[in-house]
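What follows is a set of notes on a single structure, which appears directly below.
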Amino acid sequence: MIDLKYLQNSFDEASQKLKRRGVDDETLETLKGLFEEMKRKNADFEAVRAEQNRLSKLFGEYKRQNRDLTELKERVDSLKKEAAQLHKEAKDTQETLNTLALSIPNFPDERVPYGMDEEDNVEIKRILEPGKFDFPPKEHWELAQENGWIDFERGVKLAKSRFAVLRGEAAMLQRALINYFLDKNMQKGFVEYALPFMSNSDMLKGTGQLPKFEDDLFKVCEEDLYLIPTAEVPLTNLFHDEILDMDELPLLMTAYSPCFRREAGSAGRDTRGIIRQHQFAKVEMVAITHPERSDEVFDMMVQNASEILEELGLPHRLVELCSADLGFSAARTIDLEVWLPGQKRYREISSVSNTRDFQARRAKIRFKDGKKNRLVHTLNGSALAVGRTIVAIMENYQREDGSIEIPEVLEKYM
RNA sequence: GGAGAGAUGGCAGAGUGGUCGAAUGCGGCGGCUUCGAAAGCCGUUGUCUGGGCUUCCUGGACCGGGGGUUCGAAUCCCCCUCUCUCCGCCA
């Protein structure tokens, strides 16, 4: 959630920033108006309630002194009525305000380039040259077929479309990658967690998936539980509604999890292969930092993901997302895109975001700075998406006969 | 799934209608003591939010969540959620 005080005090600046993300001035005017109205109504209510409290205290005294209570009761009764009315109004306004505020995306960082769509993302650098092939490289689904690695039909039979089954070496490769990624992250100081793969709605509100993006989630019937779309949700919310000690920051956490996404708006996209599945494996990094240190941790996380790709021998590039392509909670995001020789293009394999205090405010994650409680910064990033890494290895390590080499760093994991 | 017990501050745990934002203990923080430490002693110590003459003063809200009774609710009533114990079932 954005800082409403900041919106109130620096409206022009704030609306300028959000306009770049497609939030119109009218919405922001409404939001600001509601905020001010809420404050006013609260003040009105509190004044009446203060008087009511004062008289109620008197009541006890009068009674002990055996004084006549009729007049006092009348006065406090009418105050009570008035307070109830004002309280209801204040609460209604608060709720309207809340609903609207929860739907506003984060302010983009000053560094974020302005853009209309993903075409306006800015490439920062390329790491490793794409390899040369003496034969036309195949796409991963062909290779999957030839090697018996992925069973698409039976995945669909077991669940529905966009589910697949990994078999034999492919399944082993997935297991190897998970272990390799976790080891790498731990070397960088991340602590490994094993987490619930379901979260309740409060947690999903904390990280920003709810209430706006419910359609993207799988919900468990009859329970207030959702399958997690990323381990970012449970990792970040580990410290939901907690006040941390400043000297335990930064908290660096990593976890493997399956990720479940309905891909509601993606009908028809990437229908072949396992680029876009309802369930995929991912190893996630999450950091909870002091607000002044989130930038350096961000760089470290991008560096870490890039290093892993480099060790795997996978050519990739870093892309700074433009304002239009930023995720809802992110102030800044760098995507890592891996080269797929079969598709002859770069595809997202990791995404590192700094949400600054946006999630922290929603999830109430704070730290003690002297006497004051301040909001932390939260960051998340994949290191890496396992399914897409398998795709990348298949396409980059394919031989002319269709067989697939295993990257050297993974040998001890297989 | 059946039966019962419970949910209070960082933790433990009192509080059954007003003077309770809440005893006490532990922990934390500050000080005294000490060469230093431990022990001991003294003091301090919840969160959110509004206002003000903004190292301080002051209003409101919060005792799992929601509603109700009452001039007044942590305390009484109703609903929900969660936790624990026992039994059953089960990886």
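Protein chains get the first letters and strands the later ones, always in sequence-line order, with residue 1 at the start of each.
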Should [N] form a Watson-Crick or G-U wobble pair with both distances under 3.5 Å, which nucleotide is its partner?
N	value
B:C71	B:G18
B:U24	B:A12
B:C29	B:G43
B:A7	B:U81
B:G50	B:U58
B:C86	B:G2
B:A91	none
B:A38	none

Review point. If you look at every strand shown and take non-hydrogen atoms under 4.0 Å, does A:Lys368 touch a base, only sugar-phosphate, or nothing?
Key: sugar-phosphate

Exercise for review: Have a look at A:Lys91 and say if it touches a base, only the backbone sugar-phosphate, or nothing, with a 4.0 Å heavy-atom cut-off.
Suggested key: sugar-phosphate

For [N] versus [M], give the span between their [atom1] atoms, rounded off to a whole number of Å.
N	M	atom1	value
B:G13	B:G66	P	25 Å
B:A7	B:A74	P	15 Å
B:U34	B:G40	C1'	12 Å
B:C63	B:A23	P	16 Å
B:G36	B:G31	P	13 Å
B:C42	B:G10	P	25 Å
B:G21	B:C79	C1'	27 Å
B:C62	B:U75	C1'	16 Å

Review point. Which word best sums up how the rings of A:His278 and A:Phe218 line up, parallel for under 30°, tilted for 30 to 60°, or perpendicular for over 60°?
Key: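 Aromatic pair A:His278/A:Phe218 classed perpendicular.
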
Please report the distance, rounded to the nearest Å, between [atom1] in [X] and [atom2] in [N].
X	N	atom1	atom2	answer
A:Lys57	B:G17	NZ	C1'	15 Å
A:Lys81	B:U70	NZ	P	12 Å
A:Arg75	B:G72	CZ	C1'	16 Å
A:Gln52	B:G18	CD	P	18 Å
A:Asp202	B:C80	CG	C1'	14 Å
A:Phe59	B:U70	CZ	P	12 Å

Check your understanding: Can you give one letter per nucleotide of nucleotides 48-65 of chain B, 5' to 3': B if a protein heavy atom sits under 4.0 Å from the base, S if only from the sugar-phosphate, - if neither?
Key -> S-SS----S--BSS----

Determine whether the aromatic ring centres of residues [Y] and [X] are separated by less than 6.0 angstrom.
X	Y	value
A:Phe367	A:His290	yes
A:Phe197	A:Phe260	no
A:Phe358	A:Phe328	yes

Any donor-acceptor pair under 3.5 Å from [X] side chain to [Y] backbone:
X	Y	result
A:Asn396	A:Ala392	yes
A:Gln52	A:Lys80	no
A:Asp401	A:Ser403	yes

Exercise for review: Evaluate salt bridge (Lys or Arg N to Asp or Glu O under 4.0 Å) for A:Lys188 paired with A:Glu307, printing each intermediate quantity in order.
Suggested key: CA-CA 11 Å; A:Lys188 285 280 152 64; A:Glu307 254 175 55; 2.8 Å; yes

Point to revise | Residue whose closest nucleotide on RNA chain B lies nearer the 5' end, A:Glu223 versus A:Leu55 | key: A:Leu55

Exercise for review: Take A:Ser201 and A:Asp224 through the test side chain to side chain donor-acceptor pair (under 3.5 Å) and record every step on the way to the result.
Suggested key: CA-CA 6 Å; A:Ser201 55; A:Asp224 179 32; 2.9 Å; yes

